[in-house]
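Right, one structure below, let's go through it.
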Protein chains: 2
Amino acid sequence: MAARARVNPQTLRYYERRGLLPRPERSAAGYRAYGPQAVQIVRFIKRAQGRGFALDDIESLLQLAQGGPASCDTTRAVSEEKIADLDVRIADLQAMRAALARLVATCEQPRDHRECPIQAQVTSDPEDGDPEDRP
Amino acid sequence: MAARARVNPQTLRYYERRGLLPRPERSAAGYRAYGPQAVQIVRFIKRAQGRGFALDDIESLLQLAQGGPASCDTTRAVSEEKIADLDVRIADLQAMRAALARLVATCEQPRDHRECPIQAQVTSDPEDGDPEDRP
DNA sequence: CAGCTCGCTCGACCGAGGTACAGGGTCCAT
DNA sequence: ATGGACCCTGTACCTCGGTCGAGCGAGCTG
């Protein structure tokens, strides 16, 4: 299972301890018997992590996924918050992408006429307060 | 300066040591005199970090930005790699967003009819090898 | 000039997220 | 029935990205 999810077996136990992975049934001998969902959850965790989410964030996403714990209204509200966050992230990555694309486009120009991705990023910095900013 | 960039002063020195931040001029007394670029670079670092990039990745992005170290062809090639990576990331986030949007849409339904964001994510898992997967 | 704040260096420490290792049980193939 | 490849628990340790503190100098302010 660890192999199928492409993580270290220890990591699975760690996630279980953290409450990210539902504690699976055990065989008579105490072996964990993971359902087919488990691999997918782990893959999701790994992908989300690589996209800049902390395990705590991911836990709350997973809770949402399993039919939110609280009322429908709460679920809706939380989801909408997450969606807004995603929109910010997507916009940021798109800005980076655009900046790099411009760099490639101006690549033939002498080095000084090349546009700098950071400038591009920064010029569009909304001076806002990204919650991910000061953890 | 640390305040303007909204980071701990120590963090600036840490970035400097890591080579992320160009080592600034020093005053007679040894004080660092940062140019105006510095704040923007730090902000870029922080944003990229929150989007799931490691400091090493960010360093290479910054090097690209400062008119790549090597030939134009190399710069172009590296940039195109990064752009492809960004496209994957953007697609992932968009898939998550879509899944959450569906969750909200089906929110009124009984809990079991609600669609699960993970399933959605996973169903579209390309079984590929995301380089960010096993660091 | 005393006192305060701020910057400097250098080394120790911290929290998140794992990973390794010791000591032991299980399974199953030869 | 025995060897090797797994699994279990528990505790210790590691990396990354910072952060804190000690000890000292710089620079303003009353």
Side-chain angles (χ1 to χ4, degrees), chain A residues 1-36 38-39 41-63 85 89 92 118 129-135, chain B residues 1-36 38-39 41-63 85 130-135:
Chain A
M1 147 69 175
R4 261 176 301 145
R6 281 124 68 200
V7 295
N8 188 313
Q10 313 269 27
T11 303
L12 295 177
R13 309 201 235 283
Y14 175 70
Y15 287 167
E16 190 179 322
R17 251 180 297 134
R18 298 256 335 206
L20 277 160
L21 209 47
R23 33 199 71 230
E25 297 295 302
R26 298 302 191 106
S27 80
Y31 285 30
R32 273 164 260 248
Y34 291 101
V39 179
I41 294 174
V42 174
R43 292 280 70 221
F44 173 78
I45 294 171
K46 280 286 156 195
R47 205 159 335 106
Q49 224 180 357
R51 302 313 172 241
F53 295 90
L55 292 187
D56 285 355
D57 301 348
I58 296 173
E59 188 175 352
S60 82
L61 283 169
L62 286 172
Q63 266 158 20
D85 177 34
R89 287 164 185 270
D92 275 0
I118 298 133
D130 184 335
E132 222 69 14
D133 253 15
R134 32 277 190 235
Chain B
M1 148 69 177
R4 261 176 300 145
R6 280 123 70 202
V7 296
N8 188 311
Q10 311 269 28
T11 303
L12 295 177
R13 310 198 179 107
Y14 175 69
Y15 288 166
E16 189 179 323
R17 249 180 297 136
R18 298 258 334 209
L20 277 158
L21 210 47
R23 35 199 68 230
E25 297 295 303
R26 299 300 193 106
S27 79
Y31 286 29
R32 283 168 186 85
Y34 291 102
V39 179
I41 295 174
V42 174
R43 292 280 70 223
F44 173 79
I45 294 171
K46 280 287 155 193
R47 208 163 329 110
Q49 225 180 355
R51 301 313 172 241
F53 294 91
L55 293 186
D56 286 354
D57 301 347
I58 296 173
E59 188 175 354
S60 82
L61 283 170
L62 286 173
Q63 267 160 17
D85 177 35
D130 183 336
E132 221 68 15
D133 253 16
R134 30 269 189 244

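Keep in mind that what you see is a predicted model, and the values were worked out from it rather than measured. Below, chain A is the first sequence line, B the second, and so on; all start at residue 1.
- Put simply, R18(B) has a side-chain N or O that comes within less than 4.0 Å of OP1 or OP2 on dG17(D).
- Toward the 5′ end of DNA chain C lies the nearest nucleotide of Q10(A), the other residue of the pair A28(A) and Q10(A) mapping further downstream.
- In this entry the distance linking CG of L12(A) with C1' of dC6(D) reads 14 Å, nearest Å.
- Of the candidate nucleotides dC8(C), dT19(D), dG17(C), dT19(D) has the atom nearest to the side chain of Y14(B).
- Of the side-chain N and O atoms in K46(B), none sit less than 4.0 angstrom from OP1 or OP2 of dG17(D).
- Between L55(B) and S27(B), the one whose closest nucleotide on DNA chain D sits nearer the 5' end is L55(B).
- You'll find the side chain of Y14(B) stays beyond 4.5 Å of the side chain of L20(B), heavy atoms only.
- Counting heavy atoms from C-beta on, the side chains of D85(B) and F53(B) come closer than 4.5 Å.
- Using a 4.0 Å cut-off, no side-chain N or O of N8(B) falls inside it from OP1 or OP2 of dG17(D).
- Taking both residues in full, the closest heavy atoms of E59(B) and R18(B) are given as OE1-O, 3.8 Å, listed atom of the first, atom of the second, then distance.
- Distances from the side chain of A29(B) to the nucleotides dG7(C), dA26(D), dT26(C) place dA26(D) closest.
- Not one N or O on the side chain of R51(A) forms a donor-acceptor pair closer than 3.5 Å with the backbone of R89(A).
- Atom CD in E25(B) sits roughly 17 Å away from atom C1' in dG7(C) (whole-Å rounding).
- Between dG18(C) and Y15(A), a contact under 4.0 Å exists linking OP1 or OP2 to a side-chain N or O.
- Rounded to an integer number of Å, the gap from E59(A) CD to dA16(C) P is 13 Å.
- The shortest distance between the side-chain N/O atoms of Q49(A) and the OP1/OP2 oxygens of dG18(C) is below 4.0 Å.
- In this structure, the CG atom of D56(A) is 12 Å from the P atom of dG18(C), given to the nearest Å.
- Minimum heavy-atom separation, A38(B) to L21(B): O-CD1, 4.3 Å.
- dA12(C) atom P lies 13 Å from atom CZ of R17(B), rounded to whole Å.
- T11(B) has a side-chain polar atom (N or O) that falls below the 4.0 Å cut-off from OP1 or OP2 of dT19(D).
- Residue K46(A) comes nearest to V7(A) through the heavy atom pair CE-CG1, 3.7 Å, listed as atom of the first residue, atom of the second, then distance.
- Rounding to whole angstrom units, CE of residue M1(A) and P of dC6(D) are separated by 16 Å.
- Whole-Å rounding puts the R6(A) CZ to dG18(C) P distance at 15 Å.
- Remark: the Y31(B) side chain and the dG27(D) base include no donor-acceptor N/O pair separated by less than 3.5 Å.
- Listed pair R32(B) / dG7(C) fails the phosphate criterion, with no side-chain N or O lying under 4.0 Å from OP1 or OP2.
- Note on R26(B): a side-chain N or O is less than 4.0 Å away from OP1 or OP2 of dT9(C).
- Rounding to whole angstrom units, CD1 of residue I45(A) and C1' of dA16(C) are separated by 15 Å.
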